[in-house]
Asker: 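Sharing a structure with you now.
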Amino acid sequence: MEVLEAIRTRRSIRRYKDTPVDDRTIELVLEAARWAPSWTNTQCWRFIVVRDSNIKAELANILGDNKATDAIRSAPVVIVACAEIGKSGYYGGETPATDKGDYWFMFDVALAMQNLVLAAHSLGLGTVHVGLFDAKKVAHLLEVSQGFCVVSMTPLGYPDQEPKIRPRKELSEIVFYDRWH
Ligand SMILES: Cc1cc2nc3c(=O)[nH]c(=O)nc-3n(C[C@H](O)[C@H](O)[C@H](O)COP(=O)(O)O)c2cc1C
């Protein structure tokens, strides 16, 4: 699938078939994530591929009241994105290089996860970025190493719905030329 078409036709998928996703396909979407750009190429991202039904159920419990909870429980795979703290946003030394502090790890992980969801879509798979949950509880459940945090997750599987297109702001509302206004 061509990149612009993938960007335009991707939708958040919250209902999945129980058709399994094979290892090669999972590797392909993780490869897409791996090739994302990152702060001084620090590649702070880490990914946990969850297939175990009990762990997916526990993730869903942590999500609680979230539109993606059932998807996390029922999709054949969940990918949890983590980040190493103290790498992205630094340019030598221990003081963050910009006014964004160390939040550049969010940017890097988002780039990788967006590569992943677009690659998934191009292969006929569905995903939804999920950020509304207690990341510390997820880190504890998945035994994430010290110095790393959980950022987001997505279910991964074959879509069992054709969701409506969510509207977008017009370019005239969000783009300025030369100066603000
Ligand atoms: C950073 C981020 C966090 C999100 N968190 C959630 C979430 O917790 N639960 C959920 O169901 N959708 C979540 N979404 C999906 C958005 O609701 C969705 O992308 C948006 O409504 C646009 O719809 P579309 O993806 O189908 O174009 C999140 C998206 C982003 C980018």
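As the structure lists them, so they are numbered: ligands from 1, and atoms in each ligand from 1. Remember, it's a predicted structure, so these values are computed and weren't measured experimentally. When reading the values below, keep in mind they use all heavy atoms of this one structure, side chains included, and skip hydrogens, waters and symmetry mates.
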Asker: So, applying side-chain contact (heavy atoms from CB on, under 4.5 Å) with Leu141, which one of Leu59, Val50, Asn61 is it?
Answerer: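 Output: one option passes, namely Leu59.
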Asker: Which is closest to atom 15 (C) of ligand 1 in terms of heavy atoms, Met106, His129, Met113?
Answerer: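 The residue whose heavy atom sits nearest atom 15 (C) of ligand 1 is His129.
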Asker: Answer side chain, backbone, both or neither: which part of Leu63 comes under 4.0 Å from ligand 1, heavy atoms only.
Answerer: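 Leu63 to ligand 1: no contact under 4.0 Å from either part.
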Asker: Mark whether atom 1 (C) of ligand 1 lies under 4.0 angstrom from at least one protein heavy atom.
Answerer: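 Given the 4.0 Å limit, the answer for atom 1 (C) of ligand 1 is no, no protein heavy atom qualifies.
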Asker: Looking only at side-chain N and O atoms, does Ser38 offer a donor or acceptor that is under 3.5 Å from a partner on Trp45?
Answerer: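 There is no such pair between these side chains.
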Asker: Would atom 20 (C) of ligand 1 count as contacted, meaning some protein heavy atom under 4.0 Å?
Answerer: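 False for atom 20 (C) of ligand 1.
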Asker: Under a 4.5 Å cut-off applied to non-hydrogen side-chain atoms, are Arg51 and Leu156 in contact?
Answerer: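 No. Closest side-chain heavy atoms not under 4.5 Å.
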Asker: Heavy-atom distance under 4.5 Å between the side chains of Ile62 and Glu58, does that happen here?
Answerer: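 No, too far: nothing below the 4.5 Å cut-off.
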Asker: Report the part of Arg168 in contact with ligand 1, treating N, CA, C, O as backbone and CB onward as side chain, heavy atoms under 4.0 Å; options are side chain, backbone, both, neither.
Answerer: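 The answer is the side chain of Arg168.
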Asker: Please classify the Val130 to ligand 1 contact at 4.0 Å (heavy-atom distances, strictly less than): side chain, backbone, both or neither.
Answerer: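 For Val130, the contact with ligand 1 is made by both the backbone and the side chain.
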Asker: Could you check which of Lys67, Arg14, Arg10 puts a non-hydrogen atom nearest to atom 17 (O) of ligand 1?
Answerer: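 Among Lys67, Arg14, Arg10, the closest heavy atom to atom 17 (O) of ligand 1 comes from Arg14.
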Asker: Going through the checks in order, is the side chain to side chain contact (heavy atoms under 4.5 Å, CB included) test met by Phe107 and Lys100?
Answerer: CA-CA 11 Å; Phe107 193 96; Lys100 306 295 181 299; over 6 Å; no
Asker: Among pairs that include at least one residue of residues 2-22, which meet side-chain hydrogen bond (donor to acceptor under 3.5 Å, both in side chains), considering only residues two or more places apart or in two chains?
Answerer: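 Applying side-chain hydrogen bond (donor to acceptor under 3.5 Å, both in side chains) to every pair that reaches into residues 2-22, excluding sequence neighbours, yields Thr9-His121, Asp22-Thr25.
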